[in-house]
Amino acid sequence: MVWTTEDIQNRFIRPVPALKEYQNRLSEEFEIITRKGFVNCFMQVSDIIQMIRERNIPHVLRGSGASSLVCYLLGVTNIDPVKEGMALARFMNDYRDDQPDIDIDVPHWVRPELLEACYDRWPGRVARISNDVRYRPKTAQRKALKEAGVKGRIPRGFKIEDYFRDPWKIEEVYERAAELEGQHRNWSLHCGGIIIYPDSVPEDLILKENQIKLTKYDVEEQNLIKIDLLCNRGLSQLWSISDRSLSDYDPYDEKTAELLCKGDVLGLTQAESPTMKKCLMALQPKSMYDVALALALIRPAASLGG
């Protein structure tokens, strides 16, 4: 079936505000979605969000997808990107042809139920992607030692010299380890990436039930639609305390701000690392928006830039 942006709009759970800025933003997003061939991606995400909402499961949209007005109107996120002044370009723009990256967080104990619901709804069409685990220096040395005849468990902090005295043998093991380094070691299950194929999962890709030998990089290269159904322990903790909607919490809660400003963050998901603790104490956050700034700063992409 060929979907259109009209089909996406029919799935909206929120009315489109009549203000010009909303109309312009929606037109911009729909124009990109149509031209880049992203309609099916949003329809698939909408299907999964509908399943989540039917089960009254709390969820959050992680990452740049929150800057999409279409995601807000579909109920994928409760953040209004126009109201918050969030730029669309980091999520979709004219220079990106890969499918939108939409990551959905749910409490950890309900994700298996949601995955089973996906398998039941689209039988034979849903697959989880993999990680291509490759040999690193230490794992390559372990493998080389095993090939050289070493039996039993090899502990952390080992040295090849602990197992052989002959310098020629030691050199041989090091050379074999160097050959292995960077080669494929095994497949592991990706933390949450799933693909819903239009017909059926290609048989030549199947590793085992519901898992295929494609990585997130393969998916991007082949321009496949990947949806990340992820777990969030913080969401699990919150849901165990209250079933209140996330959007109903006060973004300026004084008691929460007081804890964060003091660095009293032990046990708080994504906030208890020493670096995050220092950042929060330096920023002295008074609102959800200040915390968002801290989370944007203390993450791998930002830290790589110094």
Side-chain angles (χ1 to χ4, degrees), residues 3 5 8 11 25-26 28-52 59-82 84 86-106 108 111 114-115 118 122 125-132 188-198 205 211-232 234-235 270 292 295-305:
W3 302 105
T5 53
I8 296 176
R11 299 277 188 96
R25 177 64 166 265
L26 186 60
E28 178 188 1
E29 292 195 24
F30 272 165
E31 194 275 330
I32 294 175
I33 289 169
T34 301
R35 182 158 43 84
K36 300 284 187 178
F38 296 160
V39 173
N40 286 357
C41 177
F42 283 90
M43 292 297 287
Q44 284 190 3
V45 170
S46 170
D47 284 335
I48 291 176
I49 289 297
Q50 187 177 2
M51 292 165 56
I52 292 172
H59 70 280
V60 292
L61 176 61
R62 182 192 300 192
S64 61
S67 61
S68 166
L69 178 60
V70 170
C71 283
Y72 173 68
L73 297 173
L74 283 171
V76 183
T77 176
N78 289 320
I79 297 173
D80 180 341
V82 177
E84 302 298 341
M86 298 167 68
L88 175 66
R90 198 164 156 242
F91 178 58
M92 291 190 302
N93 61 64
D94 287 330
Y95 300 99
R96 285 189 63 174
D97 293 323
D98 52 312
Q99 294 288 336
D101 188 15
I102 299 178
D103 300 342
I104 303 164
D105 275 326
V106 296
H108 72 282
R111 190 178 65 161
L114 287 174
L115 287 169
C118 289
W122 298 287
R125 294 173 51 195
V126 181
R128 294 187 64 180
I129 66 172
S130 301
N131 299 310
D132 180 6
S188 68
L189 194 60
H190 186 270
C191 59
I194 64 172
I195 296 175
I196 305 172
Y197 282 90
L205 294 180
Q211 183 181 354
I212 55 175
K213 53 183 176 183
L214 287 184
T215 68
K216 63 180 182 179
Y217 305 109
D218 298 325
V219 169
E220 184 176 323
E221 189 175 307
Q222 296 178 32
N223 202 32
L224 298 172
I225 298 170
K226 174 177 70 73
I227 299 168
D228 281 320
L229 197 55
L230 304 168
C231 296
N232 187 309
L235 201 54
Q270 296 183 358
L295 289 169
L297 287 169
I298 310 302
R299 58 193 304 271
S303 63
L304 288 174

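The chain is numbered in sequence order, starting from 1.
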- What closest approach, in Å, do Asn223 and Gln99 show between heavy atoms, and which atom pair accounts for it? OD1-N, 3.4 Å
- Message: Has Ser46 got a side-chain atom pairing as donor or acceptor with Phe42's backbone, closer than 3.5 angstrom?
- Response: no
- Query: Looking only at heavy atoms, what is the nearest atom pair of Thr34 and Thr5, with distance?
  - Reply: OG1-CG2, 3.2 Å
- Sole residue of Val82, Val70, Ile32 in side-chain contact (heavy atoms from CB on, under 4.5 Å) with Leu88: Ile32
- Lys216 side chain vs Asn131 backbone, donor-acceptor pair below 3.5 Å: no
- Please check if the side chain of Arg111 supplies one atom and the backbone of Val106 the other of a donor-acceptor pair under 3.5 Å. no
- Nearest 0.5 Å, what's the CD1-CG distance between Ile225 and Asp101? 12.5 Å
- Indicate the atoms forming the closest heavy-atom contact of Arg128 with Cys191, along with that distance. NH2-O, 3.5 Å
- 4.5 Å side-chain heavy-atom contact, Leu205 and Tyr197: yes
- Message: My understanding is that only residues two or more places apart in sequence, or in another chain, count here; which of them pass salt bridge (Lys or Arg N to Asp or Glu O under 4.0 Å) with Asp103?
- Response: none
- Message: Minimum heavy-atom separation for Asp105 and Cys231, please, with both atom names.
- Response: OD1-O, 3.7 Å
- Should the heavy atoms of other residues, nucleotides or ligands under 6.0 Å from CD of Glu221 be counted, would the total exceed 12? no
- Heavy-atom pair with the smallest gap, counting every atom of Asp98 and Phe38: O-CZ, 3.3 Å
- From the list Ile49, Asp47, Ile48, side-chain contact (heavy atoms from CB on, under 4.5 Å) with Val45 holds only for Ile49
- Query: Sub-3.5 Å donor-acceptor pair from the side chain of Arg125 to the main-chain atoms of Ile196, do we have one?
  - Reply: no
- Message: With side-chain contact (heavy atoms from CB on, under 4.5 Å) as the criterion, how do Arg11 and Met43 come out once you've worked through the C-alpha distance, each side chain's angles and the decisive distance to 0.1 Å?
- Response: CA-CA 8 Å; Arg11 299 277 188 96; Met43 292 297 287; 3.3 Å; yes
- Note on the structure: Of all heavy-atom pairs linking Val126 and Cys118, the shortest is CG2-O, 3.6 Å
- Query: Ignoring hydrogens and geometry, is there a side-chain-to-backbone donor-acceptor pair from Asp228 to Leu230 under 3.5 Å?
  - Reply: no
- Task: Give, for atom CD1 of Ile79 and atom CG of Leu69, the distance between the pair rounded to the nearest 0.5 Å.
- Result: 13.0 Å
- Task: Supply the atom-to-atom distance Ile195 CD1 to Gln44 CD, rounded to the nearest 0.5 angstrom.
- Result: 9.5 Å
- Task: Look up atom NE2 in His59 and atom CE in Met51, then write down how far apart they are to the nearest 0.5 Å.
- Result: 13.0 Å
- Task: Can you tell me which residue pairs pass the side chain to side chain donor-acceptor pair (under 3.5 Å) test with a partner in residues 63-75, sequence neighbours excluded?
- Result: Glu29-Ser68
- Message: Any salt bridge linking Asp218 with Lys213? Criterion: basic side-chain nitrogen under 4.0 Å from a carboxylate oxygen.
- Response: no
- Here the gap from His190 atom NE2 to Gln211 atom CD, rounded to the nearest 0.5 Å, amounts to 11.5 Å
- Query: What distance separates Ile212 CD1 from Ile129 CD1, expressed to the nearest 0.5 Å?
  - Reply: 7.5 Å
